[in-house]
Amino acid sequence: MALLDGFKLVELNEKAEESRMTIGTRSLKFNRGTARNLGLPDWIHFFINDKRLQVAITPAKKDDEDAVAFAFKEGTREMPIIVKEPAVLKAVKQLTVLEKEGMDIQLTINGTVYMEEKTIIYDLTEATEEIVKPRKRRKRENSE
């Protein structure tokens with residue numbers, strides 16, 4: 001094509017989307033881009049580096065030892081993925097503090113995506129904090 005002589009095709013090798021993990025007192029939440037970056041796995045492995053205060057995730061197979069479920073609920077559209085595995089929560093919570101001045105906080109961390117290795121690393125030292133407001137119970141209205 002003479003029109004495109006001298007042009008070079010922009011290769012789309014790195015299709016990384018933003019990956020975000022939110023650490024709360026009862027769960028870890030991952031955005032949709034996280035699952036897409038890992039190739040939409042149904043299972044993942046968690047790795048902890050307690051010296052660097054980092055958490056890493058990689059795809060796993062169902063039969064792999066220590067694999068954690070990581071799929072969108074069947075029949076639903078892609079939504080954030082919630083992980084409530086007690087061992088994972090305990091390990092991640094040991095790396096951080098989720099309370100400040102008597103208030104619960106949650107941490108949000110953007111991950112660094114390594115597409116070729118199918119790995120995402122979250123550096124907890126770069127987390128942003130947000131105070132979690134206590135939920136008030138709704139009073140039921142009696143209908144007659």
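The figures that follow rest on heavy atoms only: side chains count, while hydrogens, waters and symmetry mates do not.
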Checklist outcome for this item: Those residues at least two apart in sequence (or on a different chain) that pass salt bridge (charged side-chain N to carboxylate O under 4.0 Å, His left out) with Glu85 are none
Next on the checklist: Between Asn37 and Thr34, does the side-chain hydrogen bond (donor to acceptor under 3.5 Å, both in side chains) criterion hold? Intermediate values first, please.
Outcome noted: CA-CA 5 Å; Asn37 287 329; Thr34 301; 5.6 Å; no
Checklist entry - What do you reckon, is NZ of Lys84 surrounded by more than 12 foreign heavy atoms closer than 6.0 Å? => result no
Next on the checklist: If the condition is side chain to side chain contact (heavy atoms under 4.5 Å, CB included), which residues does Thr112 pass it with, not counting sequence neighbours?
Outcome noted: Tyr114
Checklist entry - For residues 61-71, which residue pairs qualify under salt bridge (charged side-chain N to carboxylate O under 4.0 Å, His left out), counting only residues two or more places apart or in two chains? => result none
Next on the checklist: Taking side chain to side chain donor-acceptor pair (under 3.5 Å) as the definition, give me every residue that meets it alongside Glu18, ordered by chain and number, with sequence neighbours left out.
Outcome noted: Arg20
Item to check | side chain to side chain contact (heavy atoms under 4.5 Å, CB included) involving Thr96 - partner list, sequence neighbours excluded | outcome: Leu98, Leu107
Checklist entry - Considering residues at least two apart in sequence or located in another chain, which fulfil the salt bridge (charged side-chain N to carboxylate O under 4.0 Å, His left out) criterion with Arg32? => result none
Next on the checklist: Between Leu40 and Val83, is there shared hydrophobic-cluster membership here, with clusters defined by ILVMFWY side-chain heavy atoms closer than 4.5 Å?
Outcome noted: yes
Checklist entry - Can you list the residues that meet the side chain to side chain donor-acceptor pair (under 3.5 Å) rule with Glu129, with sequence neighbours excluded? => result Lys100
Checklist outcome for this item: Residues at least two apart in sequence or cross-chain that pass side chain to side chain contact (heavy atoms under 4.5 Å, CB included) with Pro41, listed by chain then number, are Leu38, Ile44, Pro59, Phe70
Checklist entry - Restricting to pairs with a member in residues 34-58, which pass salt bridge (charged side-chain N to carboxylate O under 4.0 Å, His left out), not counting sequence neighbours? => result Glu17-Arg36, Arg36-Glu78
